[in-house]
Each structure stands twice: as C-alpha cells, then as structure tokens.
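Below, chain A is the first sequence line, B the second, and so on; all start at residue 1.
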Amino acid sequence: MSGLYVKTAWRNLMKHKLISLINILGLSIGLTCSVLAIYYAYNEYSYESCHQKADRISRVYTFGNFGAIDWLPNTFPKVAADLRERYPEVENAAVCRMVSGVVMHQNVPVNQNHIMVTEPSVNDILSIRYQAGQAPQSGQEIGLSRKMALKYFGNDTPLGQSLQLSIWGQSFDYTVTGVFNDLPANTHCQVACQIPFNMAEKFHFDLADYDDADYTVFVLARPGTDWQAFNLKLAADYKIPADIQNLMVSLVPIKKIHFYKNLNDNNLANLLVLLSGGIIALVLSCISYINLNSILASSRFRELGIRKAIGGNRRQIRRMLLADAALTAGISFLLALFLSYYLLPGFNTLMSRELSPVPSLEIWGVLLILIVLVSLISGILPARKLNRSKTVSLLFHPKVHSGKIRYGLLAFQFVVAIVLLQFFIISHRQTNYMFQADVVKCNADNVWMANGWYWGDLDKVKDELLKCPDIETVSWGSSIPGINMNIVNNWKEPGNTAMALDLTCESDYAKVFQIKMLQGRYFSDEYPADDQSVVINSLTAQVLGYDEPLGKSLWYRERTYQIIGVIDNYQAVPVIFDKMPIIMTRSEAMNHNLFIRARQGRMEEAREYTTGVLAKINPTQPVELTTFNDIIMDVGKSYRATGTLIDIFTLVVICNAMMGLFGLSLFVSQFRDKEVGIRKVCGASGWSIIRKLSKGFALQLLVALVIATPISMFLGKGYVSTFANHISMTPDLFLQGGALAFLMVVLATGSRIGYAATRNPVEVLRYE
Amino acid sequence: MIQLKNIYKYYNSKFQRTFVLKDVDLEIKEGEFVSIMGPSGAGKSTLLNIIGLLDPPSEGEYLLLDKPVHQLKDKEKTLYHRNYMGFIFQAYHLIEEMNVYENIETPLIYKGIKARERKAMVADLLDRFNIVAKQDLFPSQLSGGQQQLVGIARAIAGKPRLLLADEPTGNLHTDQGKEIMALLRKLNQDGTTVVQVTHNEGFAHYGDRIVRLVDGMVSL
C-alpha cells in the first residue's frame, strides 16, 4: 500500500513539474540552511569536549575599567600561584603565555604561531597527551604537536633533534623531547609546541608581578566545586594590587568560553543568527510549500472524491497526502544534503571552522526528526482540509477554495521578507557609515605594514625606502590606529583610574594615516626636545579641561610632558567602540610596526620594493607585508561572518518568497484562465486584466508593509544603538525596503500574470 | 434492499429554499435493475447520490438492507462503500495517476484484501473485460469506451451487491453504449442490483423498471 502511495505521489509530482520543481527547490534551500545550522550548532556545542576534565577546567578572566572594554580573557601571571596556594577549591592551576615566533627551517625563516610557553602542570589540566617522549621540563627543550613535527622533520624521528626558534628576537636551539597528539579544531587551546616556563625570563616575561595581564591561567577545580559560589568568594576575598578601577578576576568554565566573552569572536551571535536564520528559512520554505501544495492538492479533488466513493477512509487518504508531502520533502532533503556537501567548504571558510561533511550519528538523528516534522507540517494542512470536504462536492463540484490560511501564510511571508529587506538596508548603511573617512578620521588605504623589530635602525630603513618613487611616506609606531593599542591609567594625575590609549610613534605617523592636526604641530627631527613632548587628541584636551592645550603640561608615565599638538579624534575602522583619550609620544628608531604609504595605484610596486629592501637587511626573517584591510578583515572575521550570514538568510528568504509568489501567480493565472478569457471576449483590456489579477498581491504587500515597518524600525534601532557611532533612522531606509519588496513581487508574478493577460482567449475557451 | 421514505433534498440560500427532491418514496428490491429517468435538473443524480451515500438527504428516512443509513457517520459510510456498493460515473472518474491495473486494484486494497488474492481478482477482471493488454496503460491513453470498461471493472471488483451507475453511457457513442448496457444487464443477471440514471429511453429499457423524476418528484 505504501509503495502505491509513493508511486502515485511520484506520478503526481511529474504531472505538475513546474510547481513541483518550485516546491522542491524552495524546500531544499530552506533545508540546506537548516542542515548547515545543525552541523554548526553541533560543532559549537562540542567545543572543549576534547579535554577529559573539561567540566572541572576554567580559564581566569580579568574584569575592570580598561577604557573601551571592561574585561580581558587573560590575567596576571601571579594569579595562578595565588589561586593554587590560597584556595582549597583549586586542585591545580597553571600559567602559560601564547606567543608567535620564527623557526629556521632548512635556512628559510618560517612564521610559527601557537607557541605555548608554559608550566608543565598545564598538561595535567588540559588533555595534551604525549605519544612519544615526554613534555619539556627545563632548559632549551621543546615538545611538538604531531602536525608541527611532520612540518619540520617529515617522517624522521624528531626526538632528540634540534630546532632553531626565535621568539621576540631571542633565538635559541631547542631539543625536541616529545611529540603530543594534535588537538582537534573545536578547542580554543590550540597548541603547536610547548616550551618550559623557565625560558620565560629570557623573553623578559616578569612572572611575579601584577603589571602585565597578557597571560592565560587555567584552573582545575576539585570535583563538585560550584563555580558561581567560588567566583563570589574570589570577588569578596581576592584583591589584586594594581591601579585599575573595579579590578577583579573570575573563573569561566572552558566549556562556556566559546560562547562567553571572546574578544575577536562573535560565536554566540553567529550561532543565534544561524539557528534563527535556519529556522526562519525552513519555516518560510515550509510556508511556501504548504501554500503551493494546497494548490496542488486542489487539482486532486476529484481523485479524492473517487477514492472516498470506492471505499477509501479518512486515514488512508490522509496517508496518501502525507506520502505526497513526504516524497517532496524526501527529495528536497536529499538535494539539501547534496547542496550542504558542496557548500560546506565555503561555509567553513566563512565561519572559520572545520566541519566534517560526514555527519555523526547524532546529527543523522536530528536530521531524521527534521524531515519527519517537515513532512508532517507540510502534508497535514491539505490532508485535513480535503478530508473534511464532502465526497459529492469533491466528485461533482471540485472548486479551489479561497484559502484564508493560504493568504494568511503568504502575508506572513511578505512581512518577514520586508522586515529582512529593511533590516538589510539598515545594516549595510551602518557598515558603510563605520568605514566613512569623515567618521573614522584617518585613512589607511594604500598603506603596507610590517613587523618593525627585525630591520635594525628604522631611520636607515626609511631613507632606503623613500628612494623608491612609488612610496609616499614611511613611519613606525607601537600600534595601528585602533588596533592593539596600549591602555594606560598613569596619566593626568597619580592615582587616576580613567583609561587612555598610549601610543609611541615616529614623526610621520599622522602623515601616513592622514590624521588631521587641529592645533600645533607633530613631532619633528628638528626639535630634539620633542622627546619631552606629547601630542594628544581633542578628547584628551577636553578631559583635561584645557581650552588652549598647546604649551600646557601633562603628567604621564611618572613625569611631565609638554603638549605640542592636538589631533583629531581618529578611531579604529570600523568604528565599533566609543572615542577614547589618546596620548602620543615620540618613538625611538625601532617599534612594533613599520608603515609604508604607497602612491595611489602603486601598491604592488611599493610592496615589491619594500620586500626586497627588508629581505636584504635581514635575510633570517620572513618579510610579511599586510594591508590595514587584511588586518581588519582578520580581526573582525567573526563579526563579518555575522553580517554575511544575515545577508545570506535575507537572500534565501527573498528567494523563497519569490518562488512562492511565482507559484501563486501560476495558480492564479491557471485557475482563472477561463474567467480571464471570458472577460477578454467581453472587451476587457490587457491592462485591466493585469490590474485584476495583481490586486490581491498588491493589497497583501501593502498590509505587510504596514505591519513590517514598525518591526524593522524596532529591530534596526536596537541594532544600530549597539554601535557608538551610528546612523539615524530615516524614512527613506524603510521606503527603500518597501520598494525592493514591490520589485520582488513584480519580478515574481509579472511573467505569469502578463502571460495570462496577453494570451489569446480562444486558446482557453475553445475547450469549454 | 433500498427503501426511501419521504426523502427531501433542498439547499437554503439567504431568502429562499431550493428543492431538488421533494417527498420521494421509492423501494428497490435486491436483484432488480432500475433505471431512473427525467429531464435535466429533475434530481436524478442527486437521488442516485443519496442512494449511494455520497450525499445525505435533508429530510426523510433511508433504509438500506433494512438498516437506517440516512444519518450515518463517515466511517460507517466508508464500510458500506467498501462492502456493498460500486459506482460507475458518466465521466468515468478513473484516477489519472494510476494505470488500469492499479485503478481496478484500489478498492480491493481499501477493502483489505491480501496482495496475492488481489492479484488473482484483478487478473480475473482484466480477463473477463478483455483488457489484459491494456493493464499498464493510463486513463489518458484509453478511448472513452475502454475507460468506462475499466470504470465498471473497478466498480464490481469488490463484488458489490448494489451497482450505481450515473449516466454510464453519457459520454459514449451508441455502439459503445450498447456494449456497456449489455454488460450491466449481465451483471444484474448474475445477481447484482443495478440502479442507473439515464437520459436515453432505449438504454433505460435494459432495466426491469423505470422510475421517472419530474421537478424532484417521482412521477406516477
């Protein structure tokens, strides 16, 4: 019997090829979104499960007034020892510091990330398991991950071999003592190699102080420890001797880190966007499917009447209609799996994940439930409706019902599509706004950047580089505008807790980034006394209460400086955080970053020349030039992914809405073709027919626009208010959304309605 | 077998009630072949639908096999359709998505007959109606007469005691019509009660008795 149901469903599908194709495509797009969302969600919730004691491990976060932010995912190195010694709840604690370095491999310098300088006890906390040899204990020893061992030693045994590694300019030969298993991608503790902590002092790490909060501390709690209670105890008990307002530490269980505060990642938001987007896309494609399926079922009225007359009962007919829905859903599901498989690499790149294309058993289970639910939801409505109809009506007066539910669902689809379109316009305008030069007040286009430590005296490098006609300016400084800036509180007056951004830079820094000088001048080689001077931004002058700041003094880093210039309040790109006071001092001839501004359209030539010069100066160091845009893209990758996801879901919803509308217009033109034919014979013009057939759609669009606009206004306001600098909500934003929705309706329905209006009435009426 | 007592069928609109059947009394005995005749709009098909439990009467009593059936629930009606009745329609009403074999098999599936037995029964019918060669064809690939043959085969597949035919020859030319009527006569002779609605005086006489309807009433 079930076989016959499927066979009939298949024949029915083939009979209405176009609508079936729309159904299958629409549903498979929705299902693909859901499948990817499920893959992603499963991966996100599995974070840190590779650590055997994951439930008992936490990471120490530091909270306090750090200016634009009030928390850090790291802490001071001494915290590990303090927690270990003072609190019985702590079974073990280990401090480590993640750094980058350069490995000399076959006389070629290779950049190496994820180097963990650590106490050996970290391996008792995290599940870093040595499969050969042992962890480095002391001296110049190193433990490698399998991947890193393979990278540098190939198939040779790495144990006992030597590896030249340079960290922060300190180069040593390390002896490999062991190889540990690679940690999977779904952990935040990515480790390529381990170096013992007694090397730390050679890199000038000060482990016994509370000055530098760049260390990672992992804590293993005793079984049964209540994190919340322990954190309350720490907040009350544990005071850190540092001049930072509201300073305290808190333990965050590692299983929560992925969704918790993570400076560069937007994981929770991405998961929420993906899950809600997946659900919305699926619900809307189901709505489209239900709409079109109920239309399709209308064409089977007579068949159902016959089935009832020859003894088919309600249950059997319901099963038959459900088989129809299940077949469409099943084909769509297979197509969705196929699409997911091919889209997964791109999705992985977008989300910076390594999701496997082969789902686990649990995922299969969830997918199976999903497909059953979709079949039931999309099959039950027409089944219920048709089962309620009288046999005699089905047999002798088959008539398509006006379908209040159908129009209700279509209106809902319109509302969601318009909200998304309007929100899409708002979010894109906000993004553009955040990159606008007059908002950011600096310009990093045409600027190359390199690490500034490895090329010796940068004055000489500058002279060399400026010989190239493609290079406009060269400078250096401790940070890039808005990125990796140092936050300090030792300014204004002793005991000050308000934070400012601290920056040391060379005299042409403002020129490289085209930052406007409002008053006074910048540092200059002509004034040797500039070593005692500072340049501030106008916000600093405002905070200090100086109307005429030039020549006035500023207490900063335990001494007094003279203010020689005031610059504009430039900000990071994109401007996510609020403005902060900035204090600039003159840099020595070496600093973190070297900046090279190329002339317009000469970026490549400038890059080639600079690479040649730097490689000649220091052949042991890889020359890596990046643009500001690359850095922004990298830092904000996760945030950009959120934006891209919203765009994709908007597109999916619009696609689905358009397919649904096309199906409905097909239905309207087909089921009313006789009426249209008669009207035309009676003298109706093509335009009046178009008006007649489009009236319903236009009315629904208007109603949906009225419902959707306040919703998008509310959402848009909430969204832009999360940015310190934001656009204002103007009516044109919403009108543009409405206009796009109108365009969507015209595109989707125009062809069918136009065809119905221009068709020769004889073609329709000759068979009547 | 069939007893209709004071059957009325009407439709209420806003200001008036339109009668289709008025006070119809009719008795049909088991084994009879009754033809219902009358002009268009006389209520012939409505009467047949009431007899076939496809449409309930607005008023009156209907006894089928001595049991009142005018207020049956859907579930009980389905049992009558499966076990006692077969329908033949003017427009054949075959299921377009099913081939000849499957169309004939469907009522047997609904009746719960096992696959092996079903196969034998369908094969027997195909043989009897001489349509074995057509068993894999779909309705759209058959002529009107062939479709009606399949329709009759499907109607009698469940071995009904009552066969209801609504203008079974309405869409056929005379020769095909005669064949179909001969077939109905044969089925009647084999013991099946047949009630047909027809416009054709000649075909009406294939039955034992003619019931004439005029303006919803049985004309005496």
Side-chain angles (χ1 to χ4, degrees), chain A residues 1-17 19-20 293 296-321 323-325 327-328 383-399 767-768, chain B residues 9 11 20 45-46 48-50 52-57 73-99 101-115 118 138-140 151 153-158 160 164 166:
Chain A
M1 188 69 183
S2 315
L4 195 63
Y5 286 152
V6 175
K7 206 191 282 179
T8 319
W10 172 253
R11 287 171 187 162
N12 199 43
L13 207 80
M14 296 313 287
K15 192 174 165 187
H16 303 277
K17 285 192 185 80
I19 288 194
S20 300
N293 205 32
L296 215 56
S298 307
S299 67
R300 300 180 71 181
F301 281 168
R302 188 162 278 137
E303 178 196 337
L304 297 177
I306 299 166
R307 286 181 183 275
K308 281 186 161 188
I310 60 175
N313 62 22
R314 281 186 173 201
R315 205 181 53 190
Q316 286 161 325
I317 286 172
R318 192 166 52 231
R319 276 189 195 167
M320 188 193 84
L321 290 170
D324 273 15
L327 183 71
T328 307
R384 271 190 64 189
K385 194 168 179 170
L386 290 176
N387 249 335
R388 279 181 183 171
S389 305
K390 281 183 185 171
T391 314
V392 74
S393 315
L394 292 169
L395 268 174
F396 303 113
H397 318 289
K399 189 182 129 194
Y767 301 107
E768 290 296 328
Chain B
K9 182 73 185 177
Y11 298 98
V20 183
S45 293
T46 306
L48 197 76
N49 289 339
I50 289 173
L53 301 175
L54 296 177
D55 207 6
K73 287 182 181 163
D74 269 5
K75 241 182 194 173
E76 295 159 317
K77 281 183 192 170
T78 304
L79 291 177
Y80 275 96
H81 289 148
R82 277 183 194 171
N83 300 311
Y84 300 112
M85 292 177 186
F87 289 94
I88 302 167
F89 303 99
Q90 179 182 359
Y92 330 123
H93 284 348
L94 299 179
I95 298 172
E96 295 290 322
E97 286 74 33
M98 288 181 160
N99 61 26
Y101 184 97
E102 290 159 353
N103 261 294
I104 300 172
E105 189 190 24
T106 306
L108 301 175
I109 294 174
Y110 288 147
K111 214 173 168 183
I113 293 169
K114 286 185 179 159
R118 221 159 58 208
F138 286 86
S140 57
R154 184 183 66 187
I156 62 164
L164 300 166
D166 190 358

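- Heavy atoms of B:Asn103 lying under 4.5 Å from chain A are absent altogether.
- Contact of the A:Glu303 side chain with the A:Thr8 side chain is registered, since non-hydrogen atoms from C-beta on lie closer than 4.5 Å.
- Around OH of B:Tyr84, the count of heavy atoms belonging to other residues, nucleotides or ligands within 6.0 Å does not exceed 12.
- No other option in B:Glu96, B:His93, B:Glu102, B:Met98 has as many heavy-atom pairs under 4.5 Å with chain A as B:His93.
- There is no contact between B:Tyr80 and chain A, counting heavy-atom distances below 4.5 Å.
- With a 4.5 angstrom heavy-atom cutoff, A:Arg314 touches chain B only via side-chain atoms.
- For B:Leu94, the part lying under 4.5 angstrom from a heavy atom of chain A is the backbone only.
- Between chain A and the options B:Met85, B:Glu105, B:Lys77, B:Arg154, heavy-atom pairs under 4.5 Å are most frequent for B:Arg154.
- Looking at A:Lys15 and B:Glu97, a side-chain N of the basic residue comes within less than 4.0 Å of a carboxylate O on the acidic one, giving a salt bridge.
- With a 4.5 Å cut-off on side-chain heavy atoms, B:Asn83 and B:Lys111 count as touching.
- With B:Arg82 contributing its side chain and B:Tyr110 its backbone, the two residues share a donor-acceptor pair below 3.5 Å.
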